[in-house]
Amino acid sequence: MPVKSNTPEEEALADRRFRIRHSAAHLLADAVLEIFPEAKYAIGPPVETGFYYDFDISRPFTPDDLVELEAVMKLRVGEAHPFEMSSVTKDEARELFRDQPYKQEIIDELELSETITTCKHGNFLDLCRGRHVEATSDIPAFKLLNVAGAYWRGDESKPMLQRIYGTAWESKESMEAHLSQLEEAGKRDHRILGRDLDLFSHHDQVGSGLILWHPKGAMVRSIMENHWREQHINRGYQLVYSPHIGKSSLWETSGHLDFYRDSMYEAMDVEGQEYYAKPMNCPFHVHIYDSEKRSYRELPIRYTELGTVYRYERSGVLHGMLRVRGFTQDDAHIFCMPDQIEDEIVGVLDFAFDLLSAYGFQEYEVFLSTRPEKAVGELDQWDLATNSLKNALERRDVLYSMDEGGGAFYGPKLDIKVRDAIGRSWQCSTIQFDFNLPERFDLKYVGSDGQQHRPFMVHRALFGSLERFFGVLIEHYGGAFPMWLAPTQAILIPISDRHIEYANEVQRELSSDGLRVDVDIRNERMNQKIRLAQMQKIPYMLIVGDKEKELGGVAVRLRSGEDLGIIKISDLVARIKSEIGNRE
RNA sequence: GCCACCGUAGCUCAGUGGCAGAGCAGCUGUUUCGUAAACAGCAGGUCUCCGGUUCAAAUCCGGACGGUGGCUCCA
């Protein structure tokens with residue numbers, strides 16, 4: 001279920017790539033200094049599929065500069081300079097990099113006990129802790145890709161540097177494969193498919209980060225929602241609904257106005273009272289819990305809602321459906337007793353993997369985040385919660401990575417990332433403990449001992465948000481939704497006008513079986529109709545002409561291009577229904 | 001928000017100071033066709049918006065809004 005750990009061969013390749021990319025970064029800095037001697041160089045690490053290097057330079061780099069820089073780098077590869085590491089003292093390092101303020105800053109932060117190492121190739125020297133290839137000639141393939149601004153140390157109060165991104169590989173073939181994967185990812189871009197398939201749009205006049213769901217996108221969403229709702233009811237969740245706004249006192253009690261205000265929209269005045277658009281659903285669910293005295297016999301209580309929230313996101317971070325300002329979380333809050341926690345977590349894990357696998361996700365990465373420095377709640381509660389997360393993962397044999405100190409201030413959490421059809425990871429599900437809200441709202445239940453107790457509270461979302469998950473799905477499927485999700489499952493293509501009547505007849509029959517079927521009655525040739533259906537990625541094209549009408553069937557073409565020949569209507573219905581049932 | 005780039009018809013894009021363009025999509029007609037684009041005609045624009053320079057601005061300058069790639073943050 002989760003991704004497997006690496007074999008020794010994979011580890012060796014990863015190490016080689018690290019060295020190649022790190023070395024390529026040195027070549028880049030070398031080239032930049034050659035062409036722009038006044039440039040200050042900052043840092044240049046290897047990253048997942050390449051490397052980057054940050055520079056402070058009087059004018060931004062242009063695409064033409066990249067071409068020139070690449071040429072210098074190629075020259076260095078040809079010159080076959082060895083990479084030579086040496087150790088220096090802190091004072092020597094300061095002297096070597098006396099004109100380089102960013103290097104000085106790094107040197108200042110190094111402990112005295114640490115060995116400071118430098119790396120030299122040709123005339124270029126960099127502060128560097130190492131792992132390179134032998135010589136500049138050992139970089140078989142690289143390419144500079146783009147330029148972007150990046151804050152020094154990722155801190156927006158610090159100066160903005162110019163970052164050059166590149167990619168580097170152990171062979172030309174691997175690089176070509178990577179570049180064509182980028183191209184493939186480009187073709188799957190949900191923003192483009194969203195328009196081409198008429199799924200959703202944005203409009204200037206509506207506002208950035210706000211989605212308009214068109215009928216086809218809304219059809220897919222409503223199928224997802226129905227399936228989701230059914231699953232939740234089966235698993236003992238209770239559906240709730242809550243409003244989109246709430247009074248300031250609610251957000252004061254919840255603490256959102258203290259801790260989350262930057263992400264909330266300004267208050268609106270209603271008869272002298274301040275109301276806020278909700279950035280989260282939890283305070284409402286908490287009040288439903290608190291609407292009567294709760295007994296231990298009622299627990300666990302699981303409330304769930306497709307709750308639409310509004311969060312202020314800075315304009316630069318908005319991205320299609322993946323990062324928006326108004327979105328619908330598939331939220332749930334579980335209230336339970338300490339001894340129920342572990343089973344609840346196991347239940348959520350099973351649910352998450354089950355739901356995600358319905359969408360064709362088979363590989364996951366799981367991250368467990370523990371207590372940060374600043375946190376609320378008792379230590380023993382944190383331990384109990386963290387251990388129950390660990391135990392649940394172990395009971396289900398799920399491999400996971402630890403993110404020590406990466407939890408929220410109010411509780412530890414589990415995040416699940418899915419791996420999509422072309423190998424990219426997307427954060428979806430999250431399971432978070434909350435020691436803060438039960439305290440702030442003074443939540444209680446009466447235990448078997450007749451005493452008042454504080455319940456544990458767990459937030460969880462499986463899709464994360466419908467907008468984001470839908471965007472991921474579009475890219476995962478490349479727009480070709482499986483039968484159960486396809487907004488149009490089949491399209492009838494009459495060969496000439498005289499076949500329209502029969503096509504309509506077949507459509508009525510298929511529709512009465514609950515299938516989503518259109519008829520292309522445009523005055524166009526069959527080829528044109530097939531072309532449109534192909535581009536719309538409709539699973540089944542049903543061609544009807546004289547032969548089909550006579551035999552009482554349809555000629556079936558799949559979007560893969562496969563021609564199934566003439567099939568009887570009843571057989572077709574059975575076939576489609578079986579695909580829907582299997583979520584193929 | 002910050003850095004860079006971009007904004008011309010529904011979409012993709014030409015047009016570097018002198019009459020606003022093409023392909024696809026749309027509409028009308030002709031055609032009635034066997035597995036990825038029939039043919040013809042028509043229509044479609046405040047060149048994102050506001051201001052400035054100029055005899056003259058899609059084009060040059062400033063600002064706003066929107067988008068793209070990153071940074072920070074995150075569902």
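The figures here come from the full heavy-atom set of this structure, side chains too, leaving out hydrogens, waters and symmetry mates. We name chains A, B, ... by the order of the sequence lines, and we start the count at 1 in each one.
Residue A:Thr430 has no polar side-chain atom (N or O) positioned under 4.0 Å from OP1 or OP2 of B:A75. Between A:Arg163 and the phosphate of B:G69, there is no side-chain N or O to OP1/OP2 separation shorter than 4.0 Å. Between B:C74 and A:Tyr312, no contact under 4.0 Å exists linking OP1 or OP2 to a side-chain N or O.
Closest to the A:Arg531 side chain, of the nucleotides B:G1, B:C73, B:A37, is B:A37. Closest to the side chain of A:Tyr165, out of B:G70, B:G34, B:U72, is B:G70. Among the nucleotides B:C33, B:A75, B:C71, the one closest to any side-chain atom of A:Arg468 is B:A75.
Counting non-hydrogen atoms under 4.0 angstrom, A:Gly545 reaches a base of the nucleic acid. Using a 4.0 Å heavy-atom criterion, one finds that A:Asp155 contacts no nucleic acid atom at all. In this structure, A:His319 reaches the sugar-phosphate backbone alone: every heavy-atom distance under 4.0 Å involves primed, P, OP1 or OP2 atoms, never a base. Among the heavy atoms of the strands, none lies under 4.0 Å from A:Val309. A:Ser315 comes within 4.0 angstrom of a nucleotide base, judged by non-hydrogen atoms across all strands. Nucleic acid contact class of A:Glu562 (heavy atoms, under 4.0 Å, all strands): none. Note on A:Phe463: nothing from the nucleic acid sits closer than 4.0 angstrom, heavy atoms only. Residue-level contact check: A:Lys547 touches the bases, meaning some heavy atom is under 4.0 Å from a base atom. Counting non-hydrogen atoms under 4.0 angstrom, A:Arg323 reaches a base of the nucleic acid. Looking at heavy-atom distances under 4.0 Å, A:Ala533 makes no contact with the nucleic acid at all.
In this structure the side chain of A:Arg261 never reaches within 4.5 angstrom of the side chain of A:His256, judged on heavy atoms.
Classification of the A:Tyr237-A:Phe351 ring pair by plane angle, with boundaries at 30° and 60°, yields tilted.
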Set out, line by line, the N/O atom pairs under 3.5 Å between protein and nucleotides 3-8 of chain B.
unit_1 : atom_1 : unit_2   : atom_2 : d
B:C3   : O2'    : A:Gln162 : NE2    : 3.0
B:C3   : O2     : A:Gly149 : N      : 3.3

Please produce a list of atom pairs where a protein N or O lies less than 3.5 Å from an N or O of nucleotides 38-42 of chain B.
unit_1 : atom_1 : unit_2   : atom_2 : d
B:A38  : OP2    : A:Arg525 : NH1    : 3.0
B:A38  : O5'    : A:Arg525 : NH1    : 2.8
B:A38  : O4'    : A:Arg525 : NH1    : 3.3

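When Watson-Crick and G-U wobble pairs are counted only if both distances are under 3.5 Å, B:A14 pairs with no nucleotide at all. Across all strands shown, B:U72 has no partner, as no Watson-Crick or G-U wobble contact with both distances under 3.5 Å is found. Across all strands shown, B:U59 has no partner, as no Watson-Crick or G-U wobble contact with both distances under 3.5 Å is found. The pairing partner recorded for B:U53 is none, the criterion being a Watson-Crick or G-U wobble arrangement whose two distances lie under 3.5 angstrom. Both distances falling under 3.5 Å, in either a Watson-Crick or a G-U wobble arrangement, place B:G26 opposite B:C42. The nucleotide B:G7 finds its pairing partner in B:C65, both defining distances of the Watson-Crick or G-U wobble pair being shorter than 3.5 Å. Pairing for B:C19 is absent, with no Watson-Crick or G-U wobble pair whose two atom distances lie under 3.5 Å.
For the salt bridge (charged side-chain N to carboxylate O under 4.0 Å, His left out) criterion with A:Glu475, the lone passing option out of A:Arg424, A:Arg191, A:Arg468 is A:Arg424. Checked options A:Arg323, A:Gln329, A:Arg221; the residue passing with A:Glu467 is A:Arg221 (criterion: side-chain contact (heavy atoms from CB on, under 4.5 Å)).
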Exercise. Show your working on side chain to side chain donor-acceptor pair (under 3.5 Å) between A:Gln507 and A:Tyr502 and close with a plain yes or no.
Key: CA-CA 9 Å; A:Gln507 189 217 18; A:Tyr502 175 64; over 6 Å; no
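Inspection of the A:Tyr165 and A:Arg163 side chains reveals an N or O donor paired with an N or O acceptor under 3.5 Å. Side chain to side chain, A:Tyr265 and A:Arg311 fail the donor-acceptor criterion of an N or O pair below 3.5 Å.
Each of A:Arg191 and A:Ser496 was matched to the nucleotide of RNA chain B holding its nearest heavy atom; the match closer to the 5' end belongs to A:Ser496. Nearest-nucleotide positions on RNA chain B place A:Arg195 closer to the 5' end than the other of A:Gly561 and A:Arg195.
The aromatic ring of A:Phe327 is stacked on the base of B:A75, with the two ring centres less than 5.5 Å apart and the planes inclined by under 30°.
The residues A:Asp520 and A:Arg522 are annotated as salt-bridged, a charged nitrogen and a carboxylate oxygen being separated by less than 4.0 angstrom.
Taking the ring axis of A:Trp169 as reference, the NZ or CZ atom of A:Arg21 stays within 45° of it and closer than 6.0 Å to the ring centre. Annotation: cation-pi pair A:Lys537/A:Phe481 absent, no NZ/CZ under 6.0 Å from the ring centroid and within 45° of its normal.
Using atom C1' as the reference point in both B:G67 and B:C11, the two lie 15 Å apart (nearest Å). B:C39 and B:C24 have their P atoms separated by 9 Å, with the value rounded to a whole Å.
A side-chain donor-acceptor contact under 3.5 Å links A:His190 to the backbone of A:Met321.
The distance between atom CG of A:Asp196 and atom C1' of B:A25, rounded to the nearest whole Å, is 12 Å.
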